[in-house]
Amino acid sequence: APALAQGTKLKVGALRFTSHSPSFIALERGYFAEAGLDVELEFFQAAQPMAVAIASGDVDYAMTAISGGLVNLADKGAIKVIGGALSEEPGIDGQKILASDAAFQEGVTAPGALDGRRFGMTTAGSSFHYMGSKMAKAEGIDMTFVPLQKVPAIIGALKTGQIDAWSIVPHIAKPVASGPEVHMIGSVVDYLPDYQVTTIFTSTENAGDRALTEGYLGAVTRGISDYNSAMIDRAGGEAGVDAMVDLIHKYVYTDRERERAAPSIINGTMRINEGATLNVASVRDQLEWFQSEGLVDAGISLDQLIDGSFVETVGS
Amino acid sequence: MDLRIEGLTHRYGETEVLSGIDLDIPSGRIVCIVGPSGCGKSTLLRMIGGLERPSAGAVVQVGPPPEGSLNPLTYVFQDFALLPWRSVAGNVSLALEDHRLVDRAGRIADVLARTRLSDFAHALPRQLSGGMKQRVAIARALAVDPAVMLMDEPLSALDAQTRELLMDDLVGLWERERFTAVYVTHNLAEAVRLGHRVVVLSRRPGRIREIVEIDAELSGRGAMEDVQAHLWGLMRDEARAADAELVDG
Amino acid sequence: MDLRIEGLTHRYGETEVLSGIDLDIPSGRIVCIVGPSGCGKSTLLRMIGGLERPSAGAVVQVGPPPEGSLNPLTYVFQDFALLPWRSVAGNVSLALEDHRLVDRAGRIADVLARTRLSDFAHALPRQLSGGMKQRVAIARALAVDPAVMLMDEPLSALDAQTRELLMDDLVGLWERERFTAVYVTHNLAEAVRLGHRVVVLSRRPGRIREIVEIDAELSGRGAMEDVQAHLWGLMRDEARAADAELVDG
Amino acid sequence: MGETGARTVQAAARVAASAGAESPHPVPFRGGGFRITGNRWAGFVVFALLIGGIEIGIRQGWIGRLTFPLPSEVLDVFRQLWVTGALWDHLLPSLSRFAVGGALGALAGIGIGTLIGLFGLVRAGLVPVVSALFPVPKIALLPLFVIWFGIGEGSKYALIALGTFTPMVVATYGAVDNVDRTLIRMGQSFGLSWWSIVRKIVLPGAMPGILSGLRIGLAIAIILLVAAEMLGATYGIGAYILEAGSLYDLERLFAGVVILSVLGVLTSSVIGWIERRVLRWRT
Amino acid sequence: MGETGARTVQAAARVAASAGAESPHPVPFRGGGFRITGNRWAGFVVFALLIGGIEIGIRQGWIGRLTFPLPSEVLDVFRQLWVTGALWDHLLPSLSRFAVGGALGALAGIGIGTLIGLFGLVRAGLVPVVSALFPVPKIALLPLFVIWFGIGEGSKYALIALGTFTPMVVATYGAVDNVDRTLIRMGQSFGLSWWSIVRKIVLPGAMPGILSGLRIGLAIAIILLVAAEMLGATYGIGAYILEAGSLYDLERLFAGVVILSVLGVLTSSVIGWIERRVLRWRT
Ligand SMILES: Nc1ncnc2c1ncn2[C@@H]1O[C@H](COP(=O)(O)OP(=O)(O)OP(=O)(O)O)[C@@H](O)[C@H]1O
Ligand SMILES: Nc1ncnc2c1ncn2[C@@H]1O[C@H](COP(=O)(O)OP(=O)(O)OP(=O)(O)O)[C@@H](O)[C@H]1O
Ligand SMILES: [Mg+2]
Ligand SMILES: [Mg+2]
């Protein structure tokens, strides 16, 4: 992107999750610098404040699941979705549906048996709410959704059998289900085969700056390619995985030794859309679901939410 | 019932407050205790009433308390010690509630009548002048038929005119009821008006310096300027020294 | 500088507190004001010092204040009104700090010496006995070279012995400095010891009932029992009625 | 205002004093000011100005839509809450949590606080524990509360109770300590039993302190409603606020905050009313 | 115990009084008790018992591993935090937020509180606003704070400052109201200027109340550290606690809570020390 002045300052929001690896890679391997961007990572504890930080201009680009809050901010003209990241894809280990031991003992060994039971979520309008709803609809069952604000509270409630089920990304699902208190009973991908889990988004203002956004996306897509090829296609063999784990470990599970962190990093591997392709069909489905639940204004159009002009889109 | 104080000595930590006090408190008389600030008058009175234990010596009760006395040793405090949340009648009642009595209400009404407080039975302490408050405290003390009244500067929180009125009340009361009392005061005029016997204490550690007997009838006593002057002569220098002392380092 | 009170009347809302007070306060004399509780003595004194505005009438200043007087009308309060966080010297200093003075420290030292407080210059109020505190308040008042001292029951928070000592001090001070003062008190003994003129007020609304002139020299006055008895005769019934009044509904 | 007025008067008086020192003149006035006065209307005016300013600011575009909600839309949210009856769906569960949790915490706090005030050994043993508990942020313990009390009403009651408990303990034992010792000595001098003294002297004497502790305790209870309703509540003012926050729906967020604020002001006036009735004996 | 002892003595004394009424005997003792005493050791004993009990309970399996962390492992977390230096990485940012936010809030609160105390119009205008602000849960405003102050230190300072501000205002104007009116009248009677009276009488006289308000304000500031560090903080005790919570790591969660608790107790003793120094003039 030659249009960019060298050393354009940029803040990229991230969570300390493996799914944010493309940003780490692009930074570590100098892809941002090559695009003329001087990137600083800004870490968050949760996705919701990241969306607000984009709106307030504290952060320029970030990656997170589509939530009611994000849609509302888009409605206020503050942010735009400009690309896709994590996707559910048949055949690849994706998000898991978990059940508590108590429910499991009572026969909840598959999602279809969750009729009348309690499903955990952070807040109304979160991706957990969406996944649970779609699953319930597909199974033709009714569930109560219990808002618990934070992931730890959900885990606590699940382990003690106070909620019956939950869905979550594999690198959290696997360690949680490794104990006797929680069981894995299904995969989200079975209900939402092409679910666009996370998206790349930015402020409306940045989306108007084509050179900047293209520069950013260009660098991130290189990170995505590196990640997919090393971790999923194993193009570099074990050595490639090791090198990538080393790189990611600088940002994720930093408080554990590398030996203990590596399995968790590898466990968390999910495919990220090559070229940040955006599955518009999935996004539309999510938007319509939010609207049908009354969580966002029914008048919001897809165009207010996404700017599909930067990346390849499917399903539009 | 008489009281006898025998070789009473008291210390707070290192400081000796009272030293070798011997004193008789005969029934039916008022014993006034005067002395400079901080000489241990209040401490002595607390020990007479059993609220504090002397380091050495004893306060001895001689003879039985009068029949029907609910609380032989009864205090009247300087700052009245009325419960602000109880009415006048309620405050008097407090002293009686731990006793089984056939006619508590009657007893309260009687004692309020004797102290001319009947009209104020339902008033709260905050509505009363200082003088009235102290009258309520006296009524409460009378309600338990005390053998000895222990009064710690009962008039010193009042203004001079009210003090004058209450002194008249006390003289009248004594004429009728002939109660026994230990009366602590700074005020020599009070001491010579009310005391049958005035005990002068020295500065800390309090020792008995002199005991002045006053023979005149309570009613009809004047200012007794000569006795006052004699007492003041005994105390003037010590009072001045006590006044000029720093309270702590 | 003399003061003249002319037809002074004051109301708080509906209640009339003072009614038609006419009074002269001649230079170099002590005017005592006595009267039953709540008759408006403190209110009158506040108006003399300009702390409150009368509803009607006026307090008039006749003649210039003495040369160098920093605060012609200066109060001494019943509860001393010392700043507890300042030392004795600091409390005296407070009254001088708003004035440009060449030798403030010298002036403070001088006034402390005159009231025999030099040894206590660095003590805090809490370390002082009541009598010492009131001496400090008097020193502070003297520090501004007042034309008239306005004293509102300056001794009534003290015990009887200290009161005696301070009265001697005040007499001594007046003999040396011949200050003018308006002295409010409940205590007839104080009034006859210190007053050249005793003003007796009636119950609320306060009116002047009688003005008693006392000619005897301040030093060497005795208890003057006859004058006291006369004053008490004027006031007794009203004091009793005031005492028995409920403070509010 | 009185104060500035007083200053001017004072200055004027000084001039008069120096100018007309020779001829008879009234003594200068130098009192006034430093009085505790108030004017009920000014509060309304300030609120009206604030709200009006924001409304106009947003409509004119001086204030971004993201910065503040439009006051008129907040009002509309209230209207909707009222019309649909959703107000009660949210208010009633919150009120019952507030009542039960607050009552539990306050009663336990008064009880323990009284014991600390009366018994030296209890004081020595428990005061350090309570002081250590005081600065612990209750939200940090949220995950634990799920385990300990479940995600039902239990954990909500417990969280609110814990928040009310610590300030109540501190206020109560302070109040017991502050009971006039002469009154207690008076009770002893009349030979009252220990239990009579506690019941008739110590507890009534501690009442003012306990009630002002209750003011703080219940304010904290209201603040903790939001934290408590993080734990699996679908209905409740706290849950409503949290949902609005996560949806970045400022109008509903503010509507919820206003409801809590009104609840707080109401609670405080109820306590004020109780104080005026129960503590009528105070001057 | 002093109190129960007193009771027994009293009872014994009564028996003596009725039995030996005829012969000379010492007056019965009936004082004692109701004294404010303490025993430093009992606090340690209670803590030791609590911690020891939990340790043994967990090791013996009486207490589930999910219910409490193992105290010895909490200790080990502290050791690790110390050895790796991570303690300072977390403590220093939190301390600076606490210091800056607390100082801003306290200063603003004292300033506004003093104005409310001095000027009737300010009181009338601002007291209702402050009372309305008091019961607003600060976490509810978190999303707004990001927009208003960004995700940097600004919003953290602001949140902590807001939490400290409201109690400081209330405490300060209460303290100014409580300044002895005779002292102010004394100042006026000596012709002191308005500003001298404020500086030399009102403010020093309000100091005790302001300091005890500071105690509450700073306790709230510590509690709000956790909420503040929800806003995009990587380092800080609050962030550490939140992260431990999200990993359900009870040992680290408790370690963080203990640090905040110690911080609270320390702050409170520092204020106690300041009180003893600055308020030496009090009895
Ligand atoms: N509980 C206590 N502990 C330690 N010292 C005490 C205690 N009570 C009194 N004192 C000290 O004992 C001395 C005598 O006190 P007490 O109150 O008996 O004197 P007093 O003669 O009544 O004085 P006053 O005339 O001022 O009432 C004083 O120096 C006082 O400081
Ligand atoms: N600021 C005020 N507002 C309303 N009423 C007042 C005020 N100050 C005094 N009063 C009333 O005015 C009357 C006179 O009060 P003042 O204090 O002048 O009496 P006093 O003669 O000094 O009484 P005392 O001997 O008790 O000091 C009292 O009834 C009092 O209640
Ligand atoms: Mg005494
Ligand atoms: Mg008066």
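Residue numbering restarts at 1 for every chain, and letters A, B, ... go by the order of the sequence lines. Values below: every heavy atom of this structure, side chains too, minus hydrogens, waters and symmetry copies. Values in this document were obtained by computation on a predicted structure and should not be read as measured data.
Looking at B:Ser156, there are no atoms closer than 4.5 Å to chain C (heavy atoms on both sides), in backbone or side chain. With a 4.5 Å cut-off on non-hydrogen atoms, B:Gln161 touches chain C through its backbone and its side chain both. Within the 4.5 angstrom heavy-atom criterion, only side-chain atoms of C:Ala123, from C-beta onward, approach chain B.
With respect to chain B, the highest number of heavy-atom pairs below 4.5 Å among C:Gln228, C:Glu190, C:Arg163, C:Glu245 belongs to C:Arg163. Listed options C:Arg116, C:Glu153, C:Glu164 were ranked by heavy-atom pairs under 4.5 angstrom with chain B; first place goes to C:Glu164. Each of C:Ala242, C:Ala157, C:Gly35, C:Ala189 has some count of heavy-atom pairs under 4.5 Å with chain B, and the biggest count is that of C:Gly35. Between chain B and the residues C:Pro36, C:Ser37, C:Ala160, C:Ala239, the most heavy-atom pairs under 4.5 angstrom are made by C:Ala160. The choice from B:Asp159, B:Leu188, B:Asn187 that makes the most heavy-atom pairs within less than 4.5 Å of chain C is B:Asp159.
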Practice task
For side-chain contact (heavy atoms from CB on, under 4.5 Å), just list the numbers for B:Asp168 and C:Arg236, CA-CA rounded to whole Å, side-chain angles, deciding distance to a tenth of an Å, and then say yes or no.
Solution key: CA-CA 11 Å; B:Asp168 288 352; C:Arg236 176 175 220 124; 2.2 Å; yes

Practice task
Given salt bridge (charged side-chain N to carboxylate O under 4.0 Å, His left out), test C:Asp243 with B:Arg135 step by step and report yes or no.
Solution key: CA-CA 11 Å; C:Asp243 183 43; B:Arg135 283 192 188 91; 2.6 Å; yes

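Taken to the nearest 0.5 Å, the CD atom of B:Gln127 stands 5.5 Å off from the CG atom of C:Leu246.
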